[in-house]
There are 2 protein chains.
Amino acid sequence: MQFSKSTDYALHALLHLGHSERRSNIGIKELSTTLGVSESYLSKIMSKLRQDGIVRAVPGVNGGYELSRPADQITFLDVIQVIEGRQQLFECSNTNSQQHRSLAEEGVVQQDHECSGKSECLVEQVMNGAEQQLHQYLQEHTIQSVLDMAFKCSNHEANKKE
Amino acid sequence: MQFSKSTDYALHALLHLGHSERRSNIGIKELSTTLGVSESYLSKIMSKLRQDGIVRAVPGVNGGYELSRPADQITFLDVIQVIEGRQQLFECSNTNSQQHRSLAEEGVVQQDHECSGKSECLVEQVMNGAEQQLHQYLQEHTIQSVLDMAFKCSNHEANKKE
DNA sequence: TCATTATGGATCTTCAATGTCCACAATATA
DNA sequence: TATATTGTGGACATTGAAGATCCATAATGA
Ligand code: SF4
Ligand code: SF4
């Protein structure tokens, strides 16, 4: 269970865009050189990011990509969900097993009673709870927050040298 | 990014073992029937669980599996780590890119200074932080805790009928 | 000894992730 | 308008991990 390389690339591409906000368009060539990833593959990823409204793209001379909203409004969760998809961390594939039926009788699988509003089994409840923890954390961290921390550290370094 | 089916199977197998603590050995046949998964495949999974000390196995007549420690000491994290492995959620594969070098200069990649004790880049810090949140949650939930909740709910149901 | 049960190696299939290539559309500029 | 530039998306190849099966072997109890 790991994030894909594409997610890695997407995050780094966005960091580069966020870092270079002055010039408004960054071409795939520059991104490719910077990240050390082929243009072909990276362009697929950028395309996905565009389809989900994370970046804007303009073709033609002097075209390229730019963030479509401020870097502090692009969370890690946003990026991950675009690239990895939005399926749940855990999706049971056994709902017609003998065990599922017998667990259902005992209440492990919640149906409509007041023990829990959701019609979600207890195993899924644990897993979805875990997923929520993860999502919450990832939502609190943005492209900008990484850039900010870098800036702080870099200042700190500079001060030390005086 | 999803948990594998094997993890699903492992959790359910352990739930079955935890639920049937009376009889001390549950064979692969019973598990296979209960979960609706082939004996061959399930036995691989059980083997892994044994190698990591989650279950005990005894071959021969009347052999089978049993939990090697109380169900309340088997956390979801334990099981997931056995099956999915212990690699990190995020492992950067770009440490020799041009971008990495320039980020390193700015402090995004921490080395040994006091801005952060670890020699870990800021991107990895975010990702590892997220992973820790996830792990913490998964560590708080055990095979027993699911069985307990089921029991409570089932009691609740029974009371309603009186 | 013998039937039973778990183990581990070999092997097969499937499928998503990774990666490349190319024809085409959109754009700025001369 | 003509042209060079740049992103888009479809097709396709490669790779490796997940999922799954089979079988020879080892361990055990009766
Ligand atoms: S109890 Fe939950 S996790 Fe288990 S088989 Fe049923 S739905 Fe799936
Ligand atoms: S900055 Fe961190 S995540 Fe980015 S390339 Fe360097 S080590 Fe990897």
Side-chain angles (χ1 to χ4, degrees), chain A residues 1-10 12-13 17 23-33 35-68 80 82-87 89-94, chain B residues 1-10 12-13 17 23-33 35-66 68 80 82-87 89-91 93-94:
Chain A
M1 233 258 304
Q2 255 194 303
F3 289 122
S4 64
K5 288 193 178 189
S6 295
T7 296
D8 184 330
Y9 300 156
H12 280 85
L17 293 187
R23 299 165 287 159
S24 62
N25 280 334
I26 311 276
I28 194 70
K29 277 212 179 76
E30 178 174 335
L31 282 175
S32 167
T33 309
L35 302 201
V37 177
S38 82
E39 296 180 25
S40 321
Y41 194 45
L42 200 50
S43 70
K44 300 281 183 205
I45 295 171
M46 297 312 292
S47 237
K48 265 196 187 176
L49 291 174
R50 184 189 60 82
Q51 285 167 12
D52 271 65
I54 310 277
V55 301
R56 263 193 295 270
V58 359
V61 183
N62 296 326
Y65 300 95
E66 61 180 348
L67 300 184
S68 67
I80 289 168
V82 169
I83 306 295
E84 307 276 337
R86 289 176 173 75
Q87 351 108 26
L89 216 50
F90 179 83
E91 279 171 14
C92 172
S93 49
N94 271 14
Chain B
M1 234 259 303
Q2 253 193 306
F3 289 121
S4 63
K5 286 191 179 190
S6 294
T7 296
D8 184 330
Y9 300 155
H12 281 85
L17 293 188
R23 298 166 288 159
S24 62
N25 281 331
I26 310 275
I28 195 69
K29 277 212 179 79
E30 178 175 336
L31 282 175
S32 167
T33 308
L35 302 201
V37 176
S38 83
E39 295 180 27
S40 321
Y41 193 46
L42 199 51
S43 71
K44 300 283 185 206
I45 295 171
M46 295 313 291
S47 234
K48 266 196 185 175
L49 291 173
R50 184 189 61 84
Q51 284 167 14
D52 270 66
I54 310 277
V55 301
R56 263 193 297 271
V58 359
V61 183
N62 294 327
Y65 301 94
E66 61 180 346
S68 68
I80 289 169
V82 169
I83 306 296
E84 307 276 335
R86 288 175 174 77
Q87 351 108 26
L89 217 49
F90 178 83
E91 279 170 17
S93 49
N94 271 12

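So you know, we letter chains A, B, ... as the sequences are listed, proteins then strands, and number each from 1.
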Is the phosphate of [N], meaning OP1 or OP2, less than 4.0 Å from a side-chain N or O of [X]?
X: A:Ser47; N: D:dT8; answer: yes
X: A:Ser4; N: C:dT18; answer: yes
X: B:Arg50; N: C:dT7; answer: yes
X: A:Tyr41; N: D:dG9; answer: no
X: B:Gln51; N: C:dG8; answer: yes
X: A:Ser6; N: C:dT18; answer: yes
X: B:Lys5; N: D:dA18; answer: no

Main-chain N/O of B:Gly53 paired with B:Ser68 side-chain donor or acceptor, under 3.5 Å
yes
Between [atom1] of [X] and [atom2] of [Y], what distance do you get to the nearest 0.5 Å?
X: B:Thr7; Y: B:Gln2; atom1: OG1; atom2: CD; value: 10.5 Å
X: B:Ile80; Y: B:Phe3; atom1: CD1; atom2: CZ; value: 4.0 Å
X: B:Ile54; Y: B:Met46; atom1: CD1; atom2: CE; value: 10.0 Å

Within this structure, what is the [atom1]-to-[atom2] distance between [X] and [N], rounded to whole angstrom?
X: B:Asn62; N: C:dT5; atom1: CG; atom2: C1'; result: 10 Å
X: B:Glu30; N: C:dA6; atom1: CD; atom2: C1'; result: 16 Å
X: A:Ile28; N: D:dT5; atom1: CD1; atom2: C1'; result: 14 Å
X: A:Gln2; N: C:dA16; atom1: CD; atom2: P; result: 19 Å
X: B:Lys44; N: D:dA17; atom1: NZ; atom2: P; result: 17 Å
X: B:Asn25; N: D:dT28; atom1: CG; atom2: P; result: 12 Å
X: A:Tyr65; N: C:dT27; atom1: OH; atom2: P; result: 14 Å
X: A:Glu39; N: D:dT6; atom1: CD; atom2: C1'; result: 10 Å

Remember a base hit wins even if backbone is also touched, and classify B:Phe3 as base, sugar-phosphate or nothing at under 4.0 Å, heavy atoms.
nothing
Would you classify A:Ser40 as touching base, sugar-phosphate or nothing, given that sugar-phosphate means primed atoms plus P, OP1 and OP2, and contacts are heavy atoms under 4.0 Å?
base
Please evaluate the base of C:dG8 for a donor-acceptor partner in the side chain of B:Lys48 within a cut-off of under 3.5 Å?
no
5'-most by nearest nucleotide on DNA chain D - A:Met1 or A:Gly27
A:Gly27
Will you find, in the side chains of B:Ser6 and B:Tyr41, an N or O donor that is under 3.5 Å from an N or O acceptor?
yes
So if I take the C1' atoms of five pairs at each end of the helix from C:dT1-D:dA30 to C:dA30-D:dT1 and get each local axis, what angle do the two axes make, rounded to 10 degrees?
20°
Would you kindly compare A:Val37 and A:Val58 by the position of their nearest DNA chain C nucleotide and give the one closer to the 5′ end?
A:Val37
If we only count heavy atoms from C-beta on, is the [X] to [Y] side-chain gap below 4.5 Å?
X: B:Asp8; Y: A:Phe90; answer: yes
X: B:Asn25; Y: B:Asn62; answer: no
X: A:Met1; Y: B:Ser4; answer: no

Side chain of A:Pro59 (C-beta onward), nearest among D:dA20, D:dT28, D:dG7:
D:dG7
